[in-house]
Amino acid sequence: MQDTITAAINPADDKGSYLEGEDLKKLEEYFQSGALRVKAAKQIGASFSSIISETVAKSLLYGDITCPGGNMYPTRRYAACLRDLGYFLRYATYAMLTADSSILDERVLNGLRDTYLSLGVPIEPTVGAITAMKEVVGQRVGTDAGREMNIYLDYIISGLS
Ligand code: CYC
């Protein structure tokens, strides 16, 4: 896993140089937004289960997907879906904290699309659920932090699409 700090320092170290210019500016912005990131992570962590249930209610419930023949039926698959949404939220929160998406590549997206395709987990409703999650999270953490979380939830959407 990488983060904004190591992503700036590693290449500078390779060149044996100090940080300067754009790289330093990026770090400055990162530190300035630090309190915002930590506050959002705290809010999300304190209410993750209601974020997931609201996301599911908004995007997946009351359709065919939870009925016999749907991919969220029976309960075992319904639970797998809630678990997956929990993974997406938790790892997007880690990525938002570090302002770096590499943890998503390494721990979430690596092979996920192929796994979904081979198990018949439908991509479109999954993307719809992550889109609903963006709205729910935005309402909980506010516009600025919501924008940060959107970057990483969108990153998961692109990785699945
Ligand atoms: C299954 N989701 C899976 C599987 C994996 C993941 C590996 C197959 C193994 C299993 O059932 O546990 C995902 N595992 C992960 C991820 C990580 C991991 C991301 C990283 C930490 O370790 N079905 C739907 C919904 C959607 C859904 C739209 C929820 C958004 O219709 C999810 N994922 C879903 C379902 C299964 C699954 C239903 C079970 C499929 C099956 O066994 O038939």
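Only a predicted model underlies this, so the values are computations on that prediction, with no experimental measurement involved. Atoms within a ligand are numbered from 1 in the order they appear, just like the ligands themselves.
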Does ligand 1 have any N/O atom under 3.5 Å from a protein N/O, and what are those pairs and their distances?
residue	atom	partner	partner atom	Å
ligand 1	2 (N)	Arg83	NH2	3.1
ligand 1	2 (N)	Asp84	OD1	3.2
ligand 1	2 (N)	Asp84	OD2	2.7
ligand 1	12 (O)	Arg83	NH1	2.7
ligand 1	12 (O)	Arg83	NH2	3.2
ligand 1	23 (N)	Asn71	OD1	2.9
ligand 1	31 (O)	Asn71	OD1	3.3
ligand 1	33 (N)	Asp84	OD2	2.7
ligand 1	42 (O)	Arg76	NH1	3.1
ligand 1	42 (O)	Arg76	NH2	3.3
ligand 1	43 (O)	Arg77	NE	2.8

Can you sort out the partners of Asp84 under side chain to side chain donor-acceptor pair (under 3.5 Å), two or more places apart, ordered by chain and number? Tyr116
Provide the full list of side chain to side chain donor-acceptor pair (under 3.5 Å) pairs with a residue in residues 2-13, sequence neighbours left out, each pair given once. Asp3-Thr6
Could you tell me whether the side chains of Tyr73 and Arg77 share a donor-acceptor contact shorter than 3.5 Å? no
With salt bridge (Lys or Arg N to Asp or Glu O under 4.0 Å) as the test, would you mind laying out the steps for Arg147 and Asp144 before giving the verdict? CA-CA 5 Å; Arg147 204 179 296 122; Asp144 290 344; 3.6 Å; yes
Heavy-atom neighbours of Gln32 CD exceed 12 at 6.0 Å: yes
Who else is in Tyr30's hydrophobic cluster (ILVMFWY, side-chain heavy atoms under 4.5 Å, direct or via others)? Ile5, Ile9, Leu19, Leu24, Leu27, Phe31
